Every structure is written in structure tokens, then in C-alpha cells.
Amino acid sequence: MKLKYIWYRIRQAGFSLFMYLAPIRKEKVISGAGCLLQIPEKIKKSGKQKVLVVTTAGFMKRGSLTPFFDTLKKENLEYTVFSDVKPDPTTDCIEEAVSLYKKERCEVIVAIGGGSVIDCSKALGARIARPQKTLQQMQGLLKVLKPIPDLYAVPTTAGTGSEATAGAVITEGKSHYKFTILDLCLVPKYAVLDAQLTYALPAQITAYTGMDALTHAIEAYTNHFCFPLAKKKSLDAVKLIYENLEAAYSDGNNKEARENMLLASYYAGVAINNNFIGYVHAIAHGIGGLYGVTHGKANAIILPFVLKAYGKSIERKLSVLADLVGIRGNDEKEKAEAFIDSIIKLNEKLGIGNRLDDLQKKDFEELANRAVKEGNPTYPVPIIWEKDKFKSLMEKIV
Ligand code: NAD
């Protein structure tokens with residue numbers, strides 16, 4: 001093994017142990033249909049008065065947040081709405097939210113939306129905590145190190161698990177470079193799992209986001225140094241997703257499937273918070289940044305290619321996942337292959353397909369550079385790759 005890789009592994013082991021033992025601000029969970037309406041009372045009790053609600057134009061148009069706004073009023077809380085968050089929040093979008101937060105002298109953030117809204121809110125919180133630092137300066141590990149305002153994260157997609165994680169994924173406005181701010185103080189104060197808010201999620205986004213959650217669970221599980229909490233949450237998430245994603249996709253109003261998917265996404269978020277993501281994400285972030293490909297779609301398509309490329313190193317772990325979801329095989333190798341095949345078939349059933357047409361050969365060099373920069377040495381991946389390996393993998397995905 002190269003000396004450099006030994007250093008990577010020591011660093012990764014240190015961080016994994018830190019994440020396992022650190023007094024991570026553990027989000028409190030509120031769950032159940034309609035639980036969104038419990039937030040105002042909690043804010044009131046915390047003694048805060050001015051709320052910034054971060055959401056999307058879609059939610060404002062659908063009017064589904066009206067009962068929530070009424071409850072805020074009932075509790076005599078003042079609120080302002082920032083509803084300009086678009087998929088993959090940019091640095092400019094976050095700065096707009098920062099200006100509004102400051103102008104209105106807000107004290108609390110309620111993020112109601114998918115990963116884009118929650119990440120925008122985390123980054124906004126980081127800028128409030130560290131007004132002298134730009135978002136770019138907080139890129140990477142532990143650059144905030146100061147409490148952010150109370151954040152109530154209400155996921156409306158069952159995918160990113162951002163309501164449980166210490167990460168915020170941001171897109172640089174001009175370069176379209178996607179980067180992550182990773183700091184324990186970004187873990188929201190509350191994760192509010194109200195499945196009712198996900199009923200309106202279109203089938204295609206249900207599919208993309210569900211596969212994002214599956215990617216989290218599998219990457220956390222197959223990574224090195226998977227401590228018991230990450231292991232349990234990954235396994236629970238994989239099982240729930242295999243049992244519920246197709247049902248949620250074909251009938252958005254299937255309450256049980258929606259609730260289970262929201263739980264699975266949260267579990268997968270807990271798992272990556274403890275054991276990181278991997279190269280699927282490192283490649284997908286570059287592709288999302290460069291071509292605007294939806295995050296979950298990119299993950300879904302890249303996942304089986306990366307798992308295959310890891311080969312023998314994760315055979316045993318994939319065979320455990322196969323057993324978990326009832327996939328048969330005569331030995332570990334057969335089961336691992338059958339599990340990867342099941343992901344390919346799931347992508348087909350969910351209308352995602354298994355090729356990324358947007359990917360262009362001329363960008364392989366840039367995408368490989370971005371993947372190496374993001375993945376090494378941070379992610380405790382099963383096998384460490386260099387640039388050429390990423391490039392040859394991308395050849396297979398187009
Ligand atoms: P998203 O938040 O970008 O939402 C996708 C689309 O669905 C948007 O158009 C949104 O308006 C719409 N939408 C959301 N909820 C809806 C609902 N209930 N009904 C109807 N429409 C709805 O998608 P996402 O996949 O949740 O988040 C993706 C972002 O999260 C990416 O930027 C990704 O990089 C990031 N991410 C963050 C983490 C983390 O831990 N912080 C983890 C994974 C991904």
C-alpha cells in the first residue's frame with residue numbers, strides 16, 4: 001500500500017472514531033402526520049420570537065403551509081418567508097437568505113423542503129454564526145465551529161437525510177462547483193418527520209430521492225470503519241427502501257410507504273453522519289454541478305457501476321444486504337452480484353434507467369479531478385482510487 005494511502009486510512013479512522021464518540025448535537029425527532037404544527041409551540045417555549053421560514057415557491061403556490069403559518073400567528077410569533085430556494089442552492093441564493101434573516105432580525109430558522117432547502121438553511125445558519133467567513137471559506141471539515149441559530153428541519157422529500165446530517169451541499173454560483181460544509185454544529189436542532197408533506201411529491205422525484213437515500217445507506221455500510229450505529233441504521237434503511245420505494249413511487253398517497261420512506265431517509269442520514277458517503281457521491285456532485293443532473297438520479301445510475309468496481313472488497317457486505325432483502329445466491333459472490341443487479345432493475349422499474357446521457361467525454365478530466373478532491377482523503381471508501389480510475393468508470397456510464 002502506498003504511504004499516502006496509509007495516511008488516508010489513519011486520518012479516516014480518526015475521523016470515524018471522532019464521529020462515533022463525539023458529543024454530536026443529536027437532533028431531536030418529532031414524527032407523525034401533521035407534526036409540522038408542533039413547531040410553533042416549541043419555538044414559543046424556547047423564548048424566540050422571530051422566525052425565518054425557508055421553503056420553495058412550489059410550497060407557497062400549493063398553499064399546503066397555510067395551517068402552519070396560522071399556527072405561528074396563533075402563538076404570536078412573527079415570521080418572514082424566504083421561498084426562493086431552487087434545486088441545488090447556490091452561494092448567491094444563500095446570501096439572499098442571509099440578507100433577509102439579518103434585515104428582519106430573525107432568531108430561528110424553519111426549513112420546509114427537500115435537501116436543497118435544508119442545506120440552504122444550514123449554510124445560512126453558518127453565515128450567521130460566522131459573519132466574517134464566506135461560504136467558500138467554510139468549505140470542508142470543521143470550519144464553522146460555532147452554534148448556528150436553532151434550525152427546525154422539515155424534509156419534504158425522502159432522500160437526502162439532511163435533517164440528520166452535519167453537511168450542507170452548496171453550488172458555487174459562477175463555476176457550478178459543488179462543495180460541502182461539514183461541521184457538527186450544522187446538525188439541526190429538530191428533525192421533523194411529517195410524511196403528509198411528501199404526498200404531493202411527483203413520482204419521478206420520489207424515485208430519484210428514494211435512490212439517493214439507498215445510496216447513502218449502501219455507501220455508509222460498505223465504507224471502512226462502520227461502527228454499530230451506522231451499521232444498524234444503514235441496514236434498517238436498505239430494508240425499508242426495498243420494501244417501500246416502489247409502492248411510494250406508484251401511489252404517492254400510500255401513507256405507510258411514505259412514512260417508511262421518510263424514516264428510511266432519516267436513518268440513512270444518521271448512517272452517513274456517522275460513516276460518511278463515498279465515491280458515488282464524489283462523482284455525482286461533479287456531474288450535478290456541471291450539468292445540473294438531479295442529485296438522486298446521478299447517484300442511482302452511478303451506484304451499481306461503483307459497487308461493481310469495488311469488486312471483491314465489498315462482496316461479503318453486499319451478500320449481507322442481499323440476505324436482508326431476500327435476494328438469493330449460492331455464495332457471497334453470487335449474492336453480491338445479484339444485489340447489484342437488483343439495483344439496476346430497480347432503476348429500470350422506477351423509470352430512471354442506467355445511463356447518464358448528459359455526461360460528456362471532454363469533461364472526464366475535470367469531473368475526475370473534482371471526485372478526487374472531494375473523496376480523498378475524507379471518505380473511508382472500500383478501495384482508494386486515483387483520477388484514472390474515475391475516468392475509466394465514467395467511460396462505462398455514458
Ligand atoms: P430538492 O430539495 O432539490 O427538491 C427537488 C424538487 O422537488 C424541487 O423542485 C422541489 O421544489 C421539489 N419538492 C420538494 N418537496 C416536494 C414536495 N413534497 N412536493 C412537491 N415537490 C417537492 O431535492 P433533494 O433530493 O431533497 O435535495 C437535493 C439536494 O440535497 C442536492 O443539492 C444534494 O447535493 C443535497 N444533499 C445534501 C445532503 C446532506 O446531508 N446535506 C445529502 C444528500 C444530498
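Position 1 is the first residue of the sequence, and the numbers go up from there. Just so you know, these numbers use all the heavy atoms, side chains as well, and skip hydrogens, waters and symmetry mates. First listed ligand is number 1; within each ligand, the first listed atom is number 1. On a predicted model such as this, the values are computed, not experimentally measured, just so you know.
When only non-hydrogen protein atoms are considered, atom 17 (C) of ligand 1 lies nearest to Leu201 CD1, 3.6 Å. Given atom 30 (O) of ligand 1, the protein heavy atom at minimum distance is Thr160 CG2, 3.4 Å. Nearest non-hydrogen protein atom to atom 33 (C) of ligand 1 is His295 CG, 3.6 Å. Scanning the protein for heavy atoms near atom 3 (O) of ligand 1, the closest one is Ser116 OG, 2.6 Å. Among all protein heavy atoms, the one lying closest to atom 4 (O) of ligand 1 is Thr157 CG2, 4.3 Å. Atom 9 (O) of ligand 1 has Pro87 CG, 3.7 Å as its closest protein atom, hydrogens excluded (heavy atom only). Atom 20 (C) of ligand 1 has Arg62 NH2, 3.4 Å as its closest protein atom, hydrogens excluded (heavy atom only). Atom 7 (O) of ligand 1 has Ile205 CD1, 3.3 Å as its closest protein atom, hydrogens excluded (heavy atom only).
Within the structure, the closest approach of Gly167 to ligand 1 falls below 4.0 Å when heavy atoms are considered. For the ligand labelled ligand 1, residue Phe59 lies inside the 4.0 Å heavy-atom shell. In this structure, Lys178 has a heavy atom closer than 4.0 Å to ligand 1.
When heavy-atom distances to ligand 1 are checked against a 4.0 Å cut-off, Thr209 comes that close only through its side chain, counted from C-beta outward. Only backbone heavy atoms of Leu197 (N, CA, C or O) come within less than 4.0 Å of ligand 1; its side chain stays farther off. Neither the backbone nor the side chain of Lys86 comes within 4.0 Å of ligand 1, counting heavy atoms alone. With a heavy-atom cut-off of 4.0 Å, Thr165 touches ligand 1 through its side chain alone. Proximity of Asp88 to ligand 1, defined as any heavy-atom pair under 4.0 Å, is shared by backbone and side chain alike.
Cation-pi geometry between Arg11 and Tyr8 is not met: the NZ or CZ atom fails to fall both under 6.0 Å from the ring centre and inside 45° of the normal.
Where the criterion is an N or O separation shorter than 3.5 Å, residue side chain and backbone included, Thr156 meets it with respect to ligand 1. Any N or O atom pair closer than 3.5 Å counts here, and Ser162 shares at least one such pair with ligand 1. Not a single N or O atom of His281, backbone or side chain, sits closer than 3.5 Å to an N or O atom of ligand 1. Backbone and side-chain nitrogen or oxygen atoms of Gly115 are examined, and one is located within less than 3.5 angstrom of a nitrogen or oxygen of ligand 1.
Between the side chains of Thr206 and Arg258, a donor-acceptor pair is found at a separation under 3.5 Å. Counting only N and O atoms by type, the side chains of Asn223 and Tyr279 include no donor and acceptor under 3.5 Å apart. With no hydrogens or angles considered, a side-chain donor-acceptor pair links Ser162 and Asp119 at under 3.5 Å. Side-chain atoms of Tyr208 and Asn299 include no donor-acceptor pair closer than 3.5 Å. Looking only at atom types and distance, the side chain of Thr80 has no donor-acceptor partner in the side chain of Lys50 under 3.5 Å away.
For atom 39 (C) of ligand 1, a protein non-hydrogen atom is found at a distance below 4.0 Å.
Residue contact check: His216 has heavy atoms under 4.0 Å from atoms 42 (C), 43 (C) of ligand 1. Under a 4.0 Å criterion applied to the non-hydrogen atoms of Gly114, ligand 1 contributes the atoms 2 (O), 26 (O).
Look at Glu243 and Lys239 and you find a salt bridge, because one of the NZ, NE, NH1 or NH2 atoms lies within 4.0 Å of a carboxylate O, short of that distance.
For Ala230, the side chain to side chain contact (heavy atoms under 4.5 Å, CB included) test picks out Cys226, Asn274, Asn275, with sequence neighbours left out.
Cluster partners of Leu201, by chain and number: Ile205. The rule joins Ile, Leu, Val, Met, Phe, Trp and Tyr whenever side-chain heavy atoms lie under 4.5 Å apart.
Within the set Thr56, Asp212, Ile112, Asp119, the minimum heavy-atom distance to atom 41 (N) of ligand 1 is found for Asp119.
In this structure, Phe339 has its ring center under 6.0 Å from that of Tyr242. Ring pair Tyr79/Phe69: centre-to-centre distance below 6.0 Å. Centroid-to-centroid, the aromatic rings of Tyr379 and Trp385 stay 6.0 Å apart or farther. Separation of the Phe225 and Tyr20 ring centroids does not fall under the 6.0 Å cut-off.
Only one option out of His281, His285, Glu374, Glu172 pairs with Lys178 in a side-chain contact (heavy atoms from CB on, under 4.5 Å); it is His285.
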